[in-house]
Amino acid sequence: QVQLVESGGGLVQPGGSLRLSCAALGSIFSIGAMAWYRQAPGKERELVAQIISSSTPNYADSVKGRFTISRDNVKNTVYLQMNSLKPEDTAVYYCNAKVRRHTMDSLRDYWGQGTQVTVSS
């Protein structure tokens, strides 16, 4: 079984910073892409940032220059550093990882439980 455990959400003032973490735990052979999504009330879930080990990260236009995604392949953890936060960044943030549990397995999608980020004065 594989679990993605998120941490780091909370309430922050506009212009502030937060760092989200997401650790993949369990029976893991390898991890492909890791990503952060978010879903605001009344809106669809959207991709915020994605990172694949050997590629340049991808970002949504709305967060370019403010958010940075990184990963620690030893710890099977992905991070999202969020700076210059705006009220429109308020959402539940979900991490996603494509995980292969053993050598014969295919890559499967796993999701974290979600962490609330609220940007408000």
Side-chain angles (χ1 to χ4, degrees):
Q1 186 72 321
V2 175
Q3 275 188 306
L4 301 187
V5 180
E6 302 173 13
S7 61
L11 172 65
V12 65
Q13 292 187 341
S17 298
L18 281 176
R19 188 191 195 210
L20 306 182
S21 300
C22 173
L25 306 175
S27 177
I28 297 170
F29 175 72
S30 65
I31 302 178
M34 302 185 83
W36 289 95
Y37 288 74
R38 68 185 180 187
Q39 187 166 19
K43 295 189 177 181
E44 293 187 355
R45 190 173 296 190
E46 64 173 353
L47 177 66
V48 176
Q50 182 185 59
I51 184 168
I52 305 172
S53 289
S54 59
S55 302
T56 302
N58 297 317
Y59 296 95
D61 288 343
S62 58
V63 306
K64 281 181 181 176
R66 300 188 298 121
F67 290 11
T68 302
I69 189 171
S70 61
R71 64 189 284 174
D72 183 328
N73 292 325
V74 174
K75 296 181 179 179
N76 288 336
T77 298
V78 62
Y79 306 96
L80 186 68
Q81 178 66 44
M82 305 184 292
N83 299 328
S84 302
L85 281 160
K86 304 175 181 181
E88 50 264 42
D89 294 317
T90 296
V92 177
Y93 284 69
Y94 297 91
C95 70
N96 170 268
K98 300 188 186 304
V99 178
R100 184 176 284 115
R101 295 170 300 168
H102 49 77
T103 58
M104 301 302 293
D105 197 15
S106 57
L107 284 171
R108 299 170 186 264
D109 261 331
Y110 290 89
W111 291 89
Q113 78 280 8
T115 185
Q116 177 70 46
V117 171
T118 302
V119 185
S120 175
S121 54

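- Judged by distance alone, with hydrogens and angles left aside, the side-chain atoms of N96 form no donor-acceptor pair with the main-chain N or O of G112 at under 3.5 Å.
- Rounding to the nearest 0.5 Å gives a distance of 9.5 Å between OG of S121 and CG of L11.
- The heavy-atom pair separating L4 from A97 by the smallest distance is CD1-N, 3.7 Å.
- Across D89, T115, V117, a single residue satisfies side-chain contact (heavy atoms from CB on, under 4.5 Å) together with R38, and that is D89.
- There is no path of hydrophobic side-chain contacts, each under 4.5 Å, that joins L18 to Y79.
- Among all heavy-atom pairs drawn from S120 and P14, the shortest one is C-CD, 3.6 Å.
- Atom CZ of R108 and atom CZ of R100 lie 10.5 Å apart (nearest 0.5 Å).
- W36 CH2 to Q50 CD: the interatomic distance, rounded to the nearest 0.5 Å, is 14.0 Å.
- Annotation for E88: atom CD counts as buried by contact number, over 12 foreign heavy atoms lying within 6.0 Å.
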Starting from the C-alpha separation in whole Å, work towards a yes-or-no answer on side-chain contact (heavy atoms from CB on, under 4.5 Å) for V12 and M82. CA-CA 11 Å; V12 65; M82 305 184 292; over 6 Å; no
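- Put simply, the side chain of E6 gets close to the backbone of G114: a donor and an acceptor are under 3.5 Å apart.
- The environment of Q3 atom CD is sparse: at most 12 non-hydrogen atoms of other residues, nucleotides or ligands sit within 6.0 angstrom.
- Ring-plane geometry between Y94 and W111 is classed as perpendicular, the angle between the planes exceeding 60 degrees on a 0 to 90 degree scale with a lower cut at 30.
- A side-chain donor-acceptor contact under 3.5 Å links Y59 to the backbone of I69.
- A side-chain donor-acceptor contact under 3.5 Å links T90 to the backbone of V119.
- Counting heavy atoms from C-beta outward, D105 and F29 have side chains that stay 4.5 Å or more apart.
- One finds the OG atom of S27 at 7.5 Å from the CZ atom of R101 (value rounded to the nearest 0.5 Å).
- L85 and Y37 are not part of a single hydrophobic cluster, where members link through side-chain heavy atoms under 4.5 Å apart.
- Of the inter-residue distances, the one linking R19 atom CZ with S70 atom OG reads 6.0 Å to the nearest 0.5 angstrom.
- Closest non-hydrogen pair, D72 versus V74, comes out as OD1-N, 3.0 Å.
- A distance of 8.0 Å separates SG in C22 from CD in Q113, rounded to the nearest 0.5 Å.
- Under the 4.5 Å side-chain heavy-atom criterion for Ile, Leu, Val, Met, Phe, Trp and Tyr, V2 and M34 are members of the same hydrophobic cluster.
- Nearest heavy atoms, C95 versus V78: CB-CG1, 4.4 Å.
- Side-chain heavy atoms closer than 4.5 Å link hydrophobic residues (I, L, V, M, F, W, Y) into clusters, and following such links, even through other members, never connects V92 to F67.
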Stepwise salt bridge (charged side-chain N to carboxylate O under 4.0 Å, His left out) check, K64 with D61: CA-CA 5 Å; K64 281 181 181 176; D61 288 343; 3.1 Å; yes
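- The heavy-atom pair separating S84 from R66 by the smallest distance is O-NH1, 2.9 Å.
- Nearest heavy atom pair, residue A33 against residue I52, reads CB-CG1, 3.7 Å.
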